[in-house]
Amino acid sequence: MPASIEFASKVYAVVALIPAGRVTTYGRIAAHVGDRRGARMVGWALMDVPRDRDLPCHRVVNRVGLLSGGWHFGHPEVMAGLLRAEGVAVSDEFTVNLAAHLWDPADELFEGEEAGVPPLPDGAVP
DNA sequence: GCCTTGACGGCAA
DNA sequence: GTTGCCGCCAAGG
């Protein structure tokens, strides 16, 4: 089995753990799996994601919060709608407020410890 | 078998 | 502070 599949599997696992109302970046995922330079590979992996995987790939944006893969959903508005439905503020430029909704794979452990953290800061300042 | 493109990121000028 | 360029791995033409 190619190592690329293993890499993709890790990516899928991380993406599947992204909580609703939160977003993460390709670079964060890549760094979490141990490949800082694999940001591009993350995108490549998500491009071939089977819909059966139930992967919230719409919660993955680039480092500036832009919905880079919006067109892979047919139209960025589709992805924006999904995010808005989860409480994520999406600007008209199809960008999300990373400062307010950025989720880091490392937080996975943090949430497990606290298990009571307010996921949505209503006072989020755009 | 070689070249170009791609859901990105970091560093340099 | 901003803009531009290069680099990484893989797949498709």
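Letters A, B, ... mirror the listed sequences (proteins, then strands); counts begin at 1.
- Here the separation of C:dT3 from B:dA7, taken at their P atoms, is 23 Å to the nearest Å.
- Rounding to the nearest 0.5 Å gives a distance of 9.5 Å between CG of A:Asp35 and NZ of A:Lys10.
- Partner of A:Val90 under the side-chain contact (heavy atoms from CB on, under 4.5 Å) criterion, chosen from A:Thr95, A:Asn97, A:Val23, A:Leu67: A:Leu67.
- Summarising the geometry, atom CG belonging to A:Asp92 is positioned 9.0 Å from atom CD belonging to A:Glu77; distances are rounded to the nearest 0.5 Å.
- The footprint of chain A on DNA chain B, defined by a heavy-atom cutoff below 4.0 Å, extends from B:dG6 to B:dG10.
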Taking distance alone, no hydrogens or angles, what donor-acceptor pairs closer than 3.5 Å link side-chain atoms of residues 53-62 of chain A to residues at least two apart or in another chain?
| residue | atom | partner | partner atom | Å |
| --- | --- | --- | --- | --- |
| A:His58 | NE2 | A:Glu86 | OE2 | 3.1 |
| A:Arg59 | NE | A:Glu86 | OE1 | 3.0 |
| A:Arg59 | NE | A:Glu86 | OE2 | 3.1 |
| A:Arg59 | NH1 | A:Ile18 | O | 2.6 |
| A:Arg59 | NH2 | A:Glu86 | OE2 | 2.7 |
| A:Asn62 | OD1 | A:Val64 | N | 3.3 |
| A:Asn62 | OD1 | A:Gly65 | N | 3.1 |
| A:Asn62 | OD1 | A:Leu66 | N | 2.6 |
| A:Asn62 | ND2 | A:Ser68 | OG | 3.0 |

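- Proximity of A:Arg28 to A:Val14: side-chain heavy atoms (C-beta onward) are nowhere separated by under 4.5 Å.
- For the atom pair CZ (A:Arg84) and CE (A:Met79), the distance works out to 12.5 Å, reported to the nearest 0.5 Å.
- Rounding to the nearest 0.5 Å gives a distance of 10.5 Å between CH2 of A:Trp103 and OG1 of A:Thr25.
- Contact annotation: the side chain of A:Phe7 approaches that of A:Met41 to within less than 4.5 Å [non-hydrogen atoms, C-beta and beyond].
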Reading nucleotides 6-13 of chain C from 5' to 3' and marking B where a protein heavy atom lies under 4.0 Å of the base, S where only the sugar-phosphate is that close, and - otherwise, the string is -BBBSS--

